[in-house]
Amino acid sequence: AAGIDELWLWEDCFREGAFSAAAAALAWTSRLRVGIGLLPVPLRNPALTAMEVATLLRLFPGRADVGVGHGVQSWMAQVGARVDSPLTLLREYLGALRDLLEGREVTTRGRYVSLDAVALAWPPSPPPPLLVGAAGPRTLRLAGESADGTILTGGTSPESLRRARDLVDEGRRAAGRTGPHRVVV
């Protein structure tokens, strides 16, 4: 009714949980598309994230987008969830999350992500695009390699947006990805 097509929320340490806020916004509206930009992966097991995403998409088909990222490192340290290599965690997490949301059974033993024969009983259909919140060059390249979209911080300048897109495209070329890649600011 207010003329807003899309609303982006985040999981912000010590403020609000992303899935409950997104579910409320989706329930109170009939057309609004809601994005979660982003879920800090050190706080959540990928199986739990997959379950929450699948539930949200079953309740509100085609109206939600989900992004994941490193999270604010000082906050991750504050809650005891900071890792030595946020990029390694994000890479492992994306692979496991994508496989779970695509209905595959996942067994993996990575540096940070370990799952043993985990599969969703009700994976979303179709599986949602996965977005990555990124700022640094290595994470932007990873977003291009492994994600369907990239979330940049508010206030990103046009020049920074062009540079970010160049780095995302480098990652896409390296991974042989040719489909669309959404960029959200």
Side-chain angles (χ1 to χ4, degrees), residues 8-23 34-57 64-120 123-124 127-154 156 164 167-168 171-172 175 177 181-185:
W8 281 82
L9 305 170
W10 54 90
E11 187 152 84
D12 208 349
C13 280
F14 327 122
R15 290 187 176 90
E16 64 275 330
F19 286 106
S20 52
V34 175
I36 297 173
L38 55 83
L39 297 164
V41 299
L43 289 179
R44 293 179 166 273
N45 181 285
L48 176 62
T49 298
M51 290 166 39
E52 294 279 14
V53 170
T55 300
L56 195 65
L57 292 175
D65 292 306
V66 177
V68 298
H70 301 302
V72 177
Q73 293 304 295
S74 61
W75 291 346
M76 298 304 102
Q78 198 173 352
V79 297
R82 187 171 181 157
V83 297
D84 290 333
S85 178
L87 193 66
T88 299
L89 168 58
L90 187 55
R91 184 181 306 280
E92 291 177 5
Y93 197 100
L94 278 168
L97 182 59
R98 180 177 303 282
D99 285 348
L100 289 167
L101 291 172
E102 290 180 356
R104 289 191 277 282
E105 183 178 283
V106 178
T107 297
T108 186
R109 297 268 181 265
R111 182 173 175 188
Y112 299 109
V113 175
S114 293
L115 300 173
D116 184 15
V118 175
L120 294 180
L130 289 179
L131 289 86
V132 168
R138 292 178 12 195
T139 308
L140 286 162
R141 284 187 197 98
L142 175 62
E145 291 170 18
S146 301
D148 305 304
T150 302
I151 302 168
L152 303 174
T153 61
T156 298
L167 291 164
V168 166
R172 291 172 49 75
R177 296 191 72 167
H181 188 95
R182 184 175 181 201
V183 175
V184 177
V185 179

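Being a predicted model, the structure only gives us computed values, none of them experimental.
Of the possible donor and acceptor atoms, none in the side chain of E11 sits under 3.5 Å from a partner among the backbone N and O of L39. In this structure, the side chain of T150 does not engage the main chain of V183 through any donor-acceptor pair within 3.5 Å.
Minimum interatomic distance between L101 and P128 (heavy atoms only, all atoms of both residues): CD1-CG, 3.9 Å. The two residues G144 and R172 make their nearest non-hydrogen contact at O-CG, 3.0 Å. Closest non-hydrogen pair, G71 versus L38, comes out as N-CD1, 4.4 Å. Summarising the geometry of D116 relative to T107, their closest heavy-atom pair is C-OG1, 3.9 Å, with the distance given to 0.1 Å. R177 approaches S146 most closely through the heavy-atom pair NH1-C, 3.0 Å. Considering every non-hydrogen atom in both D84 and Y112, the closest pair reads N-OH, 3.3 Å.
If you take CG on L167 and CG on L142, they are separated by 12.0 Å, rounding to the nearest 0.5 Å. Note that CG of L97 is 10.0 Å distant from CG of L90, once rounded to the nearest 0.5 Å. Rounded to the nearest 0.5 Å, atoms CG (N45) and CE (M51) are 9.0 Å apart. Atoms CD1 and CH2, from I151 and W8 in turn, are 4.5 Å apart once rounded to the nearest 0.5 Å.
With sequence neighbours excluded, no residue forms a salt bridge (Lys or Arg N to Asp or Glu O under 4.0 Å) with R138. Taking E16 as the reference, W10, D12 meet the side chain to side chain contact (heavy atoms under 4.5 Å, CB included) condition, with sequence neighbours excluded. For the side chain to side chain contact (heavy atoms under 4.5 Å, CB included) test, residues two or more places apart in sequence or in another chain that qualify with P123 are L120. Every side chain to side chain contact (heavy atoms under 4.5 Å, CB included) that V113 has, sequence neighbours left out, goes to P46, L89, E92, Y93, A96, T108, L115. In this view, D99 and R104 satisfy the salt bridge (Lys or Arg N to Asp or Glu O under 4.0 Å) rule, not counting sequence neighbours. Evaluation of the salt bridge (Lys or Arg N to Asp or Glu O under 4.0 Å) rule for R91 yields E145 as partners, not counting sequence neighbours.
Exactly one of R98, H181, R182 qualifies for a side chain to side chain donor-acceptor pair (under 3.5 Å) with D148. That residue is R98.
Side-chain atoms of R82 and P42, non-hydrogen and from C-beta on, never get closer than 4.5 Å to each other. Using a 4.5 Å heavy-atom cutoff, the side chains of L130 and V68 are not in contact. You'll find the side chain of L140 reaches within 4.5 Å of the side chain of L152, heavy atoms only.
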Worksheet item: Passes side chain to side chain contact (heavy atoms under 4.5 Å, CB included), C13 versus Q78? Steps please.
Response: CA-CA 10 Å; C13 280; Q78 198 173 352; over 6 Å; no
Discussion item. Checking D65 against V184 for the side chain to side chain contact (heavy atoms under 4.5 Å, CB included) test, could you report, in this order, the C-alpha distance in whole Å, the side-chain angles of both residues, the deciding distance, and whether it holds?
Written reply: CA-CA 11 Å; D65 292 306; V184 177; over 6 Å; no
Item to complete: Assess whether side chain to side chain contact (heavy atoms under 4.5 Å, CB included) is satisfied between W75 and L43, documenting all intermediate values.
Response: CA-CA 10 Å; W75 291 346; L43 289 179; over 6 Å; no
